[in-house]
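These numbers were taken from a predicted model, which means no experiment stands behind them. Position 1 is the first residue of the sequence; numbering continues from there.
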Amino acid sequence: GPVGSARQRRLQLGFRARARAGALRHGPDAPNSRAERLKPRKHITTDDMDKHWYSPGLRRVFGVPGGAEALVLADAVRAGKPVLFVARDDVHMDQAAEALAFMAPDLRVLSFPAWDCLPYDRVSPKTDIVARRVGTLTDLRHAAAAGEGTPPVVLSTVSAVLQRVPPRAYFDDAGLSLKVGDRTSTDKVLECLAHASYQRVETVYEPGEYALRGGILDIYPAGAGAPVRLDFFGDELEQVRTFDPTTQRSEAKLDGFAIRRALEAPLDDDAVSRFRSGYRVAFGTGGDDDPLYESISAGRAHPGMEHWLPLFHDGMETLFDFLPDDLIVVLDPQAGEAAEDRLAMIADYYGARAEMADKPAGAMAGVPYRPLPPDQLYLSDGEWRDVLGRTGLREFSTFDAAGDWPDAIDLGGRPGREFGDVRARPDDDVFEAAADHIKVLSAGGQKVVIDAYSEGSRTRLMTVLAE
């Protein structure tokens with residue numbers, strides 16, 4: 001867990017800033033020589049750190065090896081700053097979430113993943129992915145309305161933040177919170193579930209589903225860690241329990257529960273009407289030859305319908321619209337390159353779909369795919385840069401502050417030894433090499449934390465060190 005105050009941790013991490021050798025290189029006060037630009041770094045005081053770390057505009061932050069970003073993000077949030085960490089992909093987002101859970105368990109962390117499907121795909125994102133996205137947007141919307149104190153750490157990916165999302169108003173009017181002992185009719189709960197686009201099934205397994213058996217109502221709320229089982233006695237909510245969707249066995253008792261939107265693309269009457277009219281305007285046809293149009297018109301979900309998300313809503317927004325104006329956006333190393341690649345992929349996939357819009361081939365022959373223009377579903381390169389320009393932008397780097405970046409910050413973090421050279425030599429023992437390395441560090445007065453891969457690895461390391 002975290003040790004000491006945010007001020008102490010900043011000092012322990014060795015925050016350093018580049019000495020300012022004048023304005024930007026292209027400015028009127030740019031230095032005249034490389035030697036002048038590469039003046040030695042100076043250590044800055046903790047009081048100066050706020051100016052460098054929390055000031056508006058772009059700052060490049062060096063010395064942040066993998067895993068260390070959790071300490072940096074936690075410091076910013078504890079100082080009352082809203083932070084959005086944009087990872088290059090889902091793997092690095094999940095790694096940041098795990099590191100935060102270990103290093104800063106007191107902080108609230110919200111994850112906003114990208115859809116697990118390609119742009120302009122014929123399949124829908126998985127229901128658990130949609131549930132996490134809807135849950136995070138709902139939490140952010142309600143937190144902003146309530147004016148909560150310490151903001152959460154929001155973790156996302158390049159692909160997720162480049163995609164437009166339903167408007168904030170969509171998350172205002174769909175929901176129901178009940179506590180044990182409250183009186184309400186089952187019909188009212190069912191009406192709320194229908195409005196929030198939950199699907200009625202025989203047995204509940206996934207988020208966004210519900211099942212009714214007599215006075216027992218099973219619901220898997222979007223964004224929840226487990227489904228809940230409601231036991232009504234007449235119109236009184238007598239008991240709420242979680243249950244295992246695999247075994248269907250009831251588990252822990254709860255004081256209450258809350259229903260949230262289940263889908264990003266709603267299927268209520270108003271949304272269906274908007275979709276139908278929007279489809280005709282966008283493509284100049286009623287879509288009678290399109291199974292997507294027919295399914296949505298009948299109020300049924302259709303595979304891949306999320307790729308026409310703007311047609312279900314009165315306008316679209318972005319994740320940034322759900323976050324405060326004084327937001328700090330932290331870009332993972334290589335996030336910039338990932339954004340360029342993603343935007344190029346979107347353009348390529350749209351071009352291919354548009355070319356074959358009314359003449360699909362192969363297994364989907366006879367099934368049209370009429371794609372919406374990219375600017376309706378995604379941010380353009382210009383919009384992406386404009387959004388970042390309005391925030392306090394921090395670009396992380398795993399390297400030290402080489403070069404001549406004015407006002408760059410060097411946190412002093414360096415990757416630990418990985419012993420790849422030892423593993424490459426079959427006659428060497430990696431455990432003995434690790435023990436020798438730890439002894440050298442300890443002799444130099446450094447504190448060493450050993451993170452073993454498994455219980456067996458830890459036991460063997462303990463034996464080697466004891467010997």
Side-chain angles (χ1 to χ4, degrees), residues 84 86 88-89 112-125 129-130 133-134 136-137 140-141 156-171 263-266 271 273-285 287 290 292-293 296 302 304-323 325 327 329 331 335-358 360 368-391 393:
L84 168 64
V86 183
R88 72 195 82 164
D89 54 35
F112 187 72
W115 288 349
D116 59 333
C117 50
L118 295 171
Y120 298 102
D121 211 335
R122 284 190 181 271
V123 299
S124 294
I129 295 289
V130 173
R133 289 167 56 88
V134 169
T136 292
L137 293 176
L140 290 175
R141 179 59 174 162
S156 191
T157 67
V158 166
S159 296
V161 299
L162 287 176
Q163 184 177 333
R164 301 188 191 277
V165 299
R168 285 161 286 180
Y170 174 64
F171 301 94
L263 302 175
E264 293 179 71
S273 178
R274 281 193 296 269
F275 175 89
R276 287 168 56 86
S277 60
Y279 190 103
R280 290 192 295 268
V281 170
F283 306 117
T285 177
D290 189 345
L292 165 74
Y293 184 86
I296 303 302
H302 187 81
M305 67 181 187
E306 289 82 3
H307 300 279
W308 287 266
L309 189 60
L311 301 185
F312 292 87
H313 296 283
D314 286 327
M316 297 285 284
E317 295 183 339
T318 71
L319 176 61
F320 297 97
D321 293 310
F322 288 75
L323 296 165
D325 293 336
L327 176 69
V329 177
L331 295 184
E337 294 87 339
E340 293 178 3
D341 293 343
R342 182 67 175 182
L343 290 170
M345 175 189 289
I346 291 168
D348 289 344
Y349 277 62
Y350 171 73
R353 286 295 192 190
E355 183 178 349
M356 300 295 293
D358 292 305
Y369 191 111
R370 300 181 176 101
L372 290 173
D375 61 353
Q376 293 191 34
L377 284 163
Y378 304 97
L379 296 179
S380 67
D381 180 65
E383 288 175 307
W384 166 242
R385 296 179 185 277
D386 180 63
V387 166
L388 294 181
R390 298 197 303 268
T391 68
L393 180 61

Residue pair [X] / [Y]: nearest heavy atoms and the distance that separates them:
X      : Y      : result
Pro373 : Tyr120 : C-OH, 3.5 Å
Leu84  : Leu327 : N-CD1, 3.8 Å
Pro371 : Ala354 : CG-N, 3.8 Å
Tyr279 : Arg370 : OH-NH1, 2.8 Å

Item to check | Sequence-distant partners of Asp386, salt bridge (Lys or Arg N to Asp or Glu O under 4.0 Å), two or more places apart | outcome: Arg390
To the nearest 0.5 Å, what is the distance between [atom1] on [X] and [atom2] on [Y]?
X      : Y      : atom1 : atom2 : answer
Phe112 : Phe322 : CZ    : CZ    : 8.0 Å
Ile346 : Leu379 : CD1   : CG    : 8.5 Å
Leu319 : Leu137 : CG    : CG    : 6.5 Å
Leu309 : Trp115 : CG    : CH2   : 5.0 Å
Leu331 : Leu393 : CG    : CG    : 5.0 Å
Gln376 : Arg164 : CD    : CZ    : 9.0 Å

Min side-chain heavy-atom separation [X]-[Y] under 4.5 Å:
X      : Y      : result
Pro125 : Glu306 : yes
Val165 : Arg133 : yes
Phe275 : Leu292 : yes
Phe312 : Ile296 : yes
Leu377 : Gln163 : no
Asp89  : Val158 : no
Ser380 : Asp375 : no
Arg122 : Arg353 : yes

Next on the checklist: List the residues meeting side-chain hydrogen bond (donor to acceptor under 3.5 Å, both in side chains) with Asp341, not counting sequence neighbours, and say none if there are none.
Outcome noted: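 side-chain hydrogen bond (donor to acceptor under 3.5 Å, both in side chains) check on Asp341 returns nothing, list empty.
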Checklist entry - How far apart are the C-alpha atoms of Asp290 and Phe283, what are their side-chain angles, what is the distance that settles it, and do they pass the side chain to side chain contact (heavy atoms under 4.5 Å, CB included) test? => result CA-CA 12 Å; Asp290 189 345; Phe283 306 117; over 6 Å; no
Checklist entry - Is the backbone N or O of Val123 less than 3.5 Å from a side-chain atom of His307, with the two atoms forming a donor-acceptor pair by type? => result yes
Next on the checklist: Using a 3.5 Å distance criterion without hydrogens, assess whether the side chain of Glu317 forms a donor-acceptor pair with backbone atoms of Arg168.
Outcome noted: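 Side chain of Glu317 to backbone of Arg168: a pair is present.
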Checklist entry - Going by distance alone, is a donor N or O of one side chain under 3.5 Å from an acceptor N or O of the other, for Tyr170 and Arg141? => result no
Next on the checklist: Would you say the rings of Tyr369 and Trp308 are close, in the sense that their centroids are separated by under 6.0 Å?
Outcome noted: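 Ring centroids of Trp308 and Tyr369 are less than 6.0 Å from each other.
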Item to check | Working for side chain to side chain contact (heavy atoms under 4.5 Å, CB included), residues Leu263 and Met305 | outcome: CA-CA 11 Å; Leu263 302 175; Met305 67 181 187; 4.2 Å; yes
Next on the checklist: Around atom OH of Tyr349, are there more than 12 heavy atoms from other residues, nucleotides or ligands closer than 6.0 Å?
Outcome noted: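 No.
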Checklist entry - Quick check: are there more than 12 heavy atoms from other residues, nucleotides or ligands sitting under 6.0 Å from CZ of Arg280? => result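 Above 12, so yes.
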Item to check | Check against side chain to side chain contact (heavy atoms under 4.5 Å, CB included), Leu372 and Leu311 | outcome: CA-CA 9 Å; Leu372 290 173; Leu311 301 185; 4.2 Å; yes
